[in-house]
Protein chains: 2
Amino acid sequence: MSALPIKNKIRELRFFAEEMTQQELAELVGVTRQTIMAIEKSKYSPTLEVAFKIAEVFGQSIDEVFQYESS
Amino acid sequence: MSALPIKNKIRELRFFAEEMTQQELAELVGVTRQTIMAIEKSKYSPTLEVAFKIAEVFGQSIDEVFQYESS
DNA sequence: ACTTAAAGTTAAATATATTTTACATGAAGC
DNA sequence: GCTTCATGTAAAATATATTTAACTTTAAGT
């Protein structure tokens, strides 16, 4: 299908937030560690709800955490 | 499961944009009319990619189109 | 009254996101 | 060398998003 154009800064944000682990982030967001892994590595596009929760954890807006490059 | 807390302003934005129809928005975004309907009525949370595309059509940020109220 | 276009709804099928489980790797500390 | 912890990977199962198709309703125009 379409190459996924959405990049993210989750990894940087995690380390910036006292080296928060994927496991910790997963628990704060309410998903599994593998889901965080997949999103962090841009394996697929998360739901808007999960994206909002991730942004909320870091106190940032979605646009600051995820970068969409239109086609 | 969890009550979906994400509201949106798609309907207002459509009428504000020269009364753009659901069908037209669907074509611009690259999804079906039913998908736009479901998202507009908050039946479920769209993928981040679709959310970005909708925001892009209206020239707004995701946070302007979708309002997440943390639990 | 008739027609048309847009919105609304529903059900079944398909695609994709998420979970669960399990195992592998690399770095750090002892 | 051994253990522990975080990360990475993968396959199968489940949940959810999206499509397809069909039908209903409502409003507007003629």
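The figures here come from the full heavy-atom set of this structure, side chains too, leaving out hydrogens, waters and symmetry mates. Per chain, numbering begins at 1; letters A, B, ... match sequence-line order.
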Undergrad: For Met37(A) and dT19(C), give me the distance from atom CE to atom C1', rounded to whole Å.
TA: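 To the nearest whole Å, that distance equals 15 Å.
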Undergrad: Nearest-Å distance, CD1 (Ile6(A)) to P (dT16(C))?
TA: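 It works out to 14 Å between those atoms.
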Undergrad: Taking the side chain as C-beta and beyond, is there a heavy-atom pair between Thr35(B) and Val29(B) under 4.5 Å?
TA: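 A side-chain contact is absent here, since even the closest heavy-atom pair is not under 4.5 Å.
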Undergrad: Of the options dG8(C), dG8(D), dT19(D), whose atoms approach the side-chain atoms of Thr32(B) most closely?
TA: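 It is dT19(D).
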Undergrad: Using whole Å, report how far CD1 of Ile10(A) lies from P of dT7(D).
TA: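 Atom-to-atom, Ile10(A) to dT7(D), this comes out as 12 Å.
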Undergrad: In chain order, what residues pass the ring pair (Phe, Tyr, Trp, His ring centres under 6.0 Å) check against Phe66(A), with sequence neighbours excluded?
TA: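 Ring pair (Phe, Tyr, Trp, His ring centres under 6.0 Å) list for Phe66(A), sorted by chain: empty.
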Undergrad: side-chain hydrogen bond (donor to acceptor under 3.5 Å, both in side chains) with Glu40(B): which residues, sequence neighbours excluded?
TA: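 In terms of side-chain hydrogen bond (donor to acceptor under 3.5 Å, both in side chains), with neighbours along the sequence ignored, Glu40(B) is linked to Arg14(B).
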Undergrad: Return no unless some side-chain N or O of Lys41(A) is found under 4.0 Å from OP1 or OP2 of dT7(D).
TA: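 For dT7(D), OP1/OP2 do not have a side-chain N/O of Lys41(A) under 4.0 Å.
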Undergrad: Using C1' atoms of five pairs at each end, report the bend of the helix from dA1(C)-dT30(D) to dC30(C)-dG1(D) rounded to 10 degrees.
TA: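 Rounded value for the end-axis angle: 40°.
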Undergrad: Please tell me if the side chains of Met20(B) and Phe15(B) come closer than 4.5 Å, counting only heavy atoms from C-beta onward.
TA: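 Side-chain contact under 4.5 Å: no.
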Undergrad: Please enumerate all protein N or O atoms sitting under 3.5 Å from an N or O of nucleotides 28-30 of chain C, with distances to 0.1 Å.
TA:
none

Undergrad: Measure the distance from NZ on Lys53(A) to P on dT18(C) and round it to the nearest whole Å.
TA: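 Going from Lys53(A) (NZ) to dT18(C) (P), I get 10 Å.
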Undergrad: In the structure I gave you, are the side-chain heavy atoms of Leu25(B) and Arg33(B) within less than 4.5 Å of one another anywhere?
TA: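 No, side chains not in contact.
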Undergrad: Among all residues two or more places apart in sequence or in another chain, which pass the side-chain hydrogen bond (donor to acceptor under 3.5 Å, both in side chains) test with Thr21(B)?
TA: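 Expected list: none.
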Undergrad: How long is the line joining CD1 of Ile36(B) and C1' of dG8(C), in whole Å?
TA: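 Result: 15 Å.
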Undergrad: Remember a base hit wins even if backbone is also touched, and classify Thr35(B) as base, sugar-phosphate or nothing at under 4.0 Å, heavy atoms.
TA: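 Base contact - Thr35(B) has a heavy atom under 4.0 Å of at least one base atom.
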Undergrad: To the nearest 0.5 angstrom, please state how far the CG atom of Asn8(B) sits from the CD atom of Gln67(B).
TA: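 Separation between the atoms: 7.0 Å.
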Undergrad: Please identify each residue that fulfils side chain to side chain contact (heavy atoms under 4.5 Å, CB included) with Gln34(B), with sequence neighbours left out.
TA: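 Gln34(B): side chain to side chain contact (heavy atoms under 4.5 Å, CB included) contacts with Thr32(B).
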Undergrad: Applying side-chain hydrogen bond (donor to acceptor under 3.5 Å, both in side chains), can you list everything that pairs with Thr47(B), at least two apart in sequence or on another chain?
TA: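 By the side-chain hydrogen bond (donor to acceptor under 3.5 Å, both in side chains) rule, Thr47(B) matches no residue at all.
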Undergrad: What integer distance in Å separates Leu48(B):CG from dT18(C):P?
TA: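 These atoms are roughly 10 Å apart.
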Undergrad: What integer distance in Å separates Tyr44(A):OH from dA15(D):C1'?
TA: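 Taking atom C1' of dA15(D) as the reference, OH of Tyr44(A) is at 12 Å.
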Undergrad: In chain order, what residues pass the side chain to side chain contact (heavy atoms under 4.5 Å, CB included) check against Glu12(B), with sequence neighbours excluded?
TA: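 Once residues adjacent in sequence are excluded, the partners of Glu12(B) under the side chain to side chain contact (heavy atoms under 4.5 Å, CB included) criterion are Lys9(B).
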Undergrad: Which letter, B, S or -, goes with each nucleotide of nucleotides 22-30 of chain D from 5' to 3', with contact meaning a protein heavy atom under 4.0 Å?
TA: B--------
Undergrad: Output the residues of residues 12-27 of chain A in contact with DNA chain C, where contact means a heavy atom of the residue under 4.0 Å from an atom of the strand; sort by number or write none.
TA: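 Result for residues 12-27 of chain A: none.
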Undergrad: Count I, L, V, M, F, W, Y as connected when their side-chain heavy atoms are under 4.5 Å apart, and connections chain through other members. Are Met37(B) and Val57(B) then in the same cluster?
TA: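 In one cluster with Met37(B): Val57(B), no.
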Undergrad: Which heavy atom of Pro5(A) sits nearest to which heavy atom of Glu49(B), and what is that distance?
TA: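 Nearest pair, atom of Pro5(A) first, then Glu49(B): CD-OE2, 3.7 Å.
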Undergrad: Please tell me if Thr47(A) has a side-chain N or O lying less than 4.0 Å from either OP1 or OP2 of dA17(D).
TA: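 For dA17(D), neither OP1 nor OP2 has a side-chain N or O of Thr47(A) closer than 4.0 Å.
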Undergrad: Excluding sequence neighbours, so at least two apart, what forms side-chain hydrogen bond (donor to acceptor under 3.5 Å, both in side chains) with Glu27(A)?
TA: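 Expected list: Gln23(A).
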Undergrad: Between atom CD in Glu49(A) and atom P in dT18(C), what is the gap in whole Å?
TA: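 For the pair Glu49(A) CD and dT18(C) P, the rounded distance is 10 Å.
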